[in-house]
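This report concerns only the one structure given below.
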Amino acid sequence: MATPSIATERRSPRTNPSTWSAALNGIVTLWYRDVLHFARDRTRIIGSFAQPILFLFIFGTGLSASIGPLGGGAAGQEGVSYVQFIFPGIIAMAVLFTAVFSGIAIVWDREFGFLKEVLVAPLPRWAIAVGKALGGATTAMVQGILMLIFAPFVGVSLSLGHVAALIPVMFITAFALSSLGLLIAVSMKSMEGFQLIMNFLMMPLFFLSGALFPLQNLPGWLTAFTRINPVSYGVDAIRHLVLGAGSLPAEQLGLTVFGVHMTPLLDMVVVLAFGMIMIALAVRRFSAQE
Amino acid sequence: MAEEIIRVDQLVKRYGDFTAVDGISFSVNEGELFGFLGPNGAGKSTTIGVLCTLLRPSGGHVVINGHDVVADPAGVRRSIGIIFQDSSLDNDLTAMENLAFHARIYNLPRGSWEPQAERLLRMVDLWERRDDLVKTFSGGMKRRLEIARGLLHQPHVLFLDEPTIGLDPQTRQHIWNYLEQLRTETRITLFLTTHYMDEAERCDRIAIIDHGKIVALDTPDRLKAMVGGDVITLKTPDNDAAAREITAGFGLEPIVLDGVLRLEVPEGESFIPRLVQGLSVPIQTISLHRPSLDDVFVRLTGRAIRDEEVTGMDRMRAMMRMRQRR
């Protein structure tokens with residue numbers, strides 16, 4: 001059996017020498033891999049509903065019983081129930097955790113798995129970081145959109161237009177947070193620091209984001225912490241769009257910074273700026289060869 | 001004659017105050033099966049890291065297939081394929097998807113790599129399993145798939161870092177059959193690290209690194225010839241006392257390793273009776289053999305080639321491998 005030559009006669013490699021095309025190809029491929037993983041992992045998708053359901057229906061319903069409607073009143077407008085109030089926060093929680101973890105996961109990948117294969121490929125390092133951030137952003141966004149199926153159960157009605165507006169909002173938020181995850185990952189030597197990050201970064205980001213309580217009339221120190229938390233702006237934008245749909249008083253529950261009422265657009269400017277800084281730092285750290 | 005495909009010139013790699021690789025130089029010829037041996041922590045992994053462009057050298061030069069690892073890492077990366085010690089396959093993708101992924105990140109033109117993928121999968125007997133998820137594969141199958149993947153972009157040099165570690169003897173034999181086939185059909189250069197003596201014996205040349213320096217570089221036969229004559233190993237209840245007596249009585253320098261005394265003598269057969277008579281410490285076992293690469297290794301590094309302390313990371317690796325194999 002005449003097997004044709006498996007390696008090659010001596011010649012320059014056939015790979016396209018254009019760095020840009022290689023980088024673009026790499027970004028798309030790494031993104032696609034994350035999406036493929038997500039689509040195949042049904043148990044992960046189902047499992048990811050567990051925590052939001054607990055928060056929404058047990059924590060939320062429980063507190064609603066003793067907390068009256070939030071907002072409203074002023075122009076005879078009805079307020080929102082506590083469950084309705086935290087619904088956007090829980091969507092943001094799903095985005096936050098999925099996005100940051102997808103970034104951090106490369107620590108594991110780097111030591112034991114797949115990342116090595118990528119690191120020795122003729123790809124610029126920045127393309128690997130950007131591809132991973134986009135992949136994490138996409139899966140986190142999808143996760144956030146999946147949360148919208150709870151809307152009817154908490155009495156929130158959504159229009160198609162609002163859902164369409166939520167997609168870029170969630171994507172930008174998820175991109176910023178998965179870039180944060182990547183930055184953490186490149187600074188971590190092993191998974192040992194994981195608990196530390198969970199307790200001292202993720203939980204504070206979540207609790208200080210306005211996901212669970214309105215960010216008004218807070219003590220000064222808490223006001224300061226919530227305003228420097230980038231997640232607050234993601235939560236605010238999602239809340240505007242989710243609760244704004246049914247003439248709910250999102251305005252009164254919205255985020256104000258130095259007296260300025262944030263709009264979803266302004267929120268996204270803040271989140272995007274944060275995301276750009278994160279990805280730039282992550283790329284820089286990632287490219288620094290040992 | 002043979003062309004140089006890897007050239008390492010005065011390579012230095014420092015981590016802070018610690019010098020992991022201390023000015024080593026060697027070159028590998030095209031088509032060679034080159035063995036790179038050394039105890040853990042000797043600088044072996046660091047050297048490979050530099051050669052594969054994962055680590056930046058602190059000094060010296062490394063040129064692979066005409067590309068400098070610092071000036072043109074992408075050129076080096078296109079020229080080499082790597083089989084890592086730990087599986088770097090994506091277990092949640094199929095065999096073919098893993099190859100497709102590789103083709104894309106190496107920017108291989110669409111349509112050009114598919115026939116190559118089929119040839120390679122047939123070579124490693126995985127063509128029938130191409131659409132199965134990698135997580136259903138055995139350890140040996142994964143290794144074979146990694147070899148196929150490492151060759152997909154037609155590298156000039158294939159790095160094999162402990163390619164058969166943890167595999168059963170039959171699977172190891174299979175893998176070597178593929179590698180030998182590859183060598184007869186192509187001019188590919190293989191750069192091998194191993195802990196198995198029989199694999200080291202297959203090499204055209206072997207470099208032994210210890211404490212960041214190359215302590216020997218030659219063909220297996222010539223390396224073995226360095227250990228003049230025969231090797232005698234004996235076990236006694238008090239090896240240290242026996243060693244002192246041997247040094248005093250025969251002027252030899254035995255090495256005590258793993259509860260066994262080793263000594264090198266020119267004429268083993270006639271030396272054993274003299275040794276038995278001349279030693280007051282009782283001998284439990286005694287044996288004589290022609291020098292093996294293991295003896296060369298012991299002589300040069302003071303350690304047996306398999307005598308490696310298990311580090312936390314190794315344990316973790318072993319665990320991961322178990323988990324991946326289910």
Side-chain angles (χ1 to χ4, degrees), chain A residues 1-34 36-41 44 108-125 127-128 131 189-192 287-290, chain B residues 3 15 30 49 52-56 65-66 70 73-82 84 86-93 97-98 100-102 104-109 112 115-116 119-120 122-123 133 146 149 151 153-156 158-159 181-182 185-188 313 316-317 320 324:
Chain A
M1 195 174 75
T3 317
S5 167
I6 281 158
T8 89
E9 55 290 0
R10 201 160 161 76
R11 56 168 173 66
S12 58
R14 201 169 49 191
T15 317
N16 189 334
S18 156
T19 317
W20 277 101
S21 114
L24 195 65
N25 223 334
I27 291 172
V28 172
T29 309
L30 284 161
W31 170 83
Y32 178 65
R33 173 177 173 254
D34 270 6
L36 201 61
H37 270 239
F38 182 77
R40 279 193 189 163
D41 202 348
R44 197 176 82 177
W108 197 249
D109 253 7
R110 182 174 57 197
E111 200 51 58
F112 296 111
F114 198 69
L115 195 67
K116 276 196 173 168
E117 147 89 350
V118 181
L119 288 176
V120 293
L123 276 181
R125 289 282 189 268
I128 300 174
K189 277 277 174 244
S190 71
M191 264 325 205
E192 277 157 28
S287 308
Q289 223 181 0
E290 269 181 75
Chain B
E3 258 180 282
Y15 295 101
E30 189 177 19
C52 298
T53 73
L54 286 172
L55 299 172
R56 177 182 276 274
N65 193 32
V70 177
V76 173
R77 289 172 187 168
R78 280 192 290 268
S79 306
I80 63 175
I82 306 167
F84 293 104
D86 305 301
S87 167
S88 63
L89 295 167
D90 189 329
N91 288 322
D92 296 317
L93 301 183
E97 283 170 342
N98 266 283
F101 186 95
H102 188 87
R104 287 199 205 107
I105 59 175
Y106 278 77
N107 212 11
L108 305 180
S112 77
Q116 171 79 350
R119 272 200 295 277
L120 288 165
R122 286 193 190 283
M123 177 185 93
L133 290 180
E146 284 192 275
R149 185 182 66 177
L151 294 168
H153 58 286
Q154 309 191 339
H156 293 283
L158 188 64
F159 285 89
Q181 185 191 344
L182 192 65
E185 288 171 7
T186 70
R187 300 182 65 195
I188 196 163
M313 195 50 101
M316 187 90 104
R317 287 218 162 85
M320 287 303 295
Q324 281 170 6

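Model, not experiment: these values are computed from the prediction. In the text below, chain A, chain B and the rest are named by the order of the sequence lines, each starting its count at 1. Basis for what follows: all heavy atoms, side chains included, without hydrogens, waters or symmetry-related copies.
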Checklist entry - In chain order, what residues pass the side-chain contact (heavy atoms from CB on, under 4.5 Å) check against B:Asp90, with sequence neighbours excluded? => result A:Arg33, A:His37, A:Phe114, B:Asp92, B:Leu93, B:Asn98

Checklist entry - What part of A:Val118 gets closer than 4.5 Å to chain B, counting heavy atoms only: side chain, backbone, both or neither? => result both

Item to check | Proximal component of A:Ile27, with respect to chain B [non-hydrogen, under 4.5 Å] | outcome: neither

Checklist entry - Pick from B:His102, B:Arg77, B:Arg78: which one makes a side-chain contact (heavy atoms from CB on, under 4.5 Å) with B:His153? => result B:His102

Next on the checklist: Counting C-beta onward and ignoring hydrogens, is there a side-chain heavy-atom pair between B:Gln116 and B:Leu108 closer than 4.5 Å?
Outcome noted: no

Item to check | Side-chain heavy-atom pair A:Asn25, B:Ile105 within 4.5 angstrom cut-off | outcome: no

Non-hydrogen atoms of chain A under 4.5 Å away: do they reach the side chain of [X], the backbone, both or neither?
X: B:Arg122; result: neither
X: B:Phe84; result: side chain
X: B:Ile82; result: side chain

Item to check | Residues in side chain to side chain donor-acceptor pair (under 3.5 Å) contact with A:Arg40, at least two apart in sequence or another chain | outcome: B:Glu97

